[in-house]
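Below is one structure, written out as structure tokens; comments come after it.
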2 protein chains.
Amino acid sequence: MTNRKSQIIELTLKNIQEKGFTSFSYDHLAKELGVTKASIHYHFEKKEDLGVAVCERIQKGLGDVYIVTKESAIAAEEKPFAFILQRIKFLEQNGVCPISALQADYQELSQAMQEKIQQLSQMEVDVLVDLLQDAKQHGSLKSTEDLEALAILLISSTKGALQYKRVLGEDFFHKMLEQLKELLK
Amino acid sequence: MTNRKSQIIELTLKNIQEKGFTSFSYDHLAKELGVTKASIHYHFEKKEDLGVAVCERIQKGLGDVYIVTKESAIAAEEKPFAFILQRIKFLEQNGVCPISALQADYQELSQAMQEKIQQLSQMEVDVLVDLLQDAKQHGSLKSTEDLEALAILLISSTKGALQYKRVLGEDFFHKMLEQLKELLK
DNA sequence: GTCTATATCAAGATAGAC
DNA sequence: GTCTATCTTGATATAGAC
């Protein structure tokens, strides 16, 4: 099966959302796939290699949602929030955002993975800045807005709220989002 | 030494900030203290027991900062942000917020720890709501504000930004905070 | 390309000496 | 209260058969 490799990547992505990078194991992965640990080690010799592959997978997903949002028919001023809502749809029920999970383990990871996580984190900001620029050109944002700072606030509050939501319940995220929209009016 | 127990708790708190709860080990803890694993198992039979003790330690720290902020001489409208800034001072250099670290491992932890983490998370919101109420009475917030929603936004964006700051640099947090203050003007 | 088998190591935990 | 010694488990990883 030539897509065994991508099958492993998808399952790892799910496992990272559930357990985090350091806590998921090849053993558990193998059992879920009905293969042996050795077979996973064949495709990804070290856990770090699998980690890097998952980062690239996340990067692609991020890019895809960006393009879809950018080209979609919805109003430009809605696109930053549409992007965020679209992204969190991909999260497993009660899972953490995989980028947040990787950030949490950041200090324990190899340099190769740290660089990937940096790229991912920066990409999230850049994409939001781009969508905010479009929104601004359509007149929905005050011209004084520092768009990078606004993107940083959007991504920070989103990720923070996702963490609390798992502990304090679904409502938490919606309350945060409504409050944010209220302040941006 | 009767405070060996609290010595262990403090060191564990540091370790959770650096590695997360599931990733720190009794072995590493013991070496840092110059004792054996067994000695730590004596004070905290199971890792879960140590985890609960650390949660209570965090809870106390949270309460202490709340009281100090509440009773301090600074203007009431500054207190919510003063509280947040005071809290993040306790973080190790490049460490994660211990509550965020515990939230990240939430699903893998025992029920006793999950309950403690819930309490901690809710307490953070409650404390901010209280400080925001004081600020509002002093006229610095629009009367239409939903204070719980505002507290949720404050704590979410703070925690999210702390995660990104470790990866993207010190500036990230400050930009988020300035943007937030700008929107609240 | 996938398997069995195994090496190696570190983890949490316990029993019992001092 | 702290130690040595040890048990058990589960992790990453490798060698080599098929």
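Basis for what follows: all heavy atoms, side chains included, without hydrogens, waters or symmetry-related copies. Chain naming here is simple, since letters A, B, ... match the order of the sequence lines and numbering starts at 1 in each.
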query: According to a strict under-4.0 Å criterion, is B:Ser25 in side-chain N/O contact with OP1 or OP2 of C:dA11?
result: yes

message: Whether B:His43 contacts D:dT2 is assessed here as follows: a side-chain N or O lying under 4.0 Å from the phosphate OP1 or OP2. Is that the case?
response: yes

query: Would B:Asp134 and B:Lys70 pass as an ion pair if we require N to O under 4.0 Å?
result: yes

- request: Establish, with yes or no, whether the OP1 or OP2 oxygen of C:dG1 is under 4.0 angstrom from a side-chain nitrogen or oxygen of A:Tyr42.
  value: yes

- line: In whole angstroms, the gap separating P of D:dG10 from NZ of A:Lys37 amounts to 11 Å

Spacing of B:Leu29 atom CG relative to C:dA13 atom P, expressed in whole Å: 13 Å

message: With a 4.0 Å cutoff (strictly under), does any side-chain N or O of B:Ser39 reach OP1 or OP2 of D:dG1?
response: no

- prompt: B:Lys5 NZ to D:dG1 P: how many Å, rounded?
  reply: 9 Å

message: If I take atom CZ in residue B:Phe24 and atom C1' in nucleotide C:dG12, what distance separates them, rounded to the nearest angstrom?
response: 11 Å

message: Quiz question: by atom type and distance under 3.5 Å, do the side chains of B:Glu71 and B:Tyr66 form a donor-acceptor pair?
response: no

message: The side chain of B:Ala38 is closest to which nucleotide in this list: D:dT14, C:dA13, D:dA5?
response: D:dA5

- request: Would you tell me whether B:Ser121 and B:Gln103 have side-chain atoms, one donor and one acceptor, within less than 3.5 Å of each other?
  value: yes

- request: Using the six-membered ring wherever Trp is involved, compare the ring planes of B:His41 and B:Tyr26 and label them parallel, tilted or perpendicular (cut-offs 30° and 60°).
  value: tilted

task: Whole angstrom is fine here: how far is it from CD in A:Glu45 over to P in D:dA11?
output: 20 Å

query: Is any side-chain nitrogen or oxygen of B:Thr36 closer than 4.0 Å to OP1 or OP2 of D:dC3?
result: yes

- prompt: Picking from C:dT2, D:dT2, C:dT4, which would you name as closest to the side chain of B:Arg4?
  reply: D:dT2

A:Lys47, nearest nucleotide to its side chain (from D:dA15, D:dC3, D:dT12): D:dT12

message: Rounded to whole Å, please give me the gap between CD1 in A:Ile8 and P in C:dT2.
response: 8 Å

query: For the pair made of NE2 in A:His28 and P in D:dG10, what is the distance, rounded to whole Å?
result: 12 Å

query: Strictly by modelled atom types, are B:Glu115 and B:Gln119 linked by a side-chain donor-acceptor pair under 3.5 Å?
result: no

query: Between C:dA7 atom P and A:Tyr26 atom OH, what is the distance in whole Å?
result: 22 Å

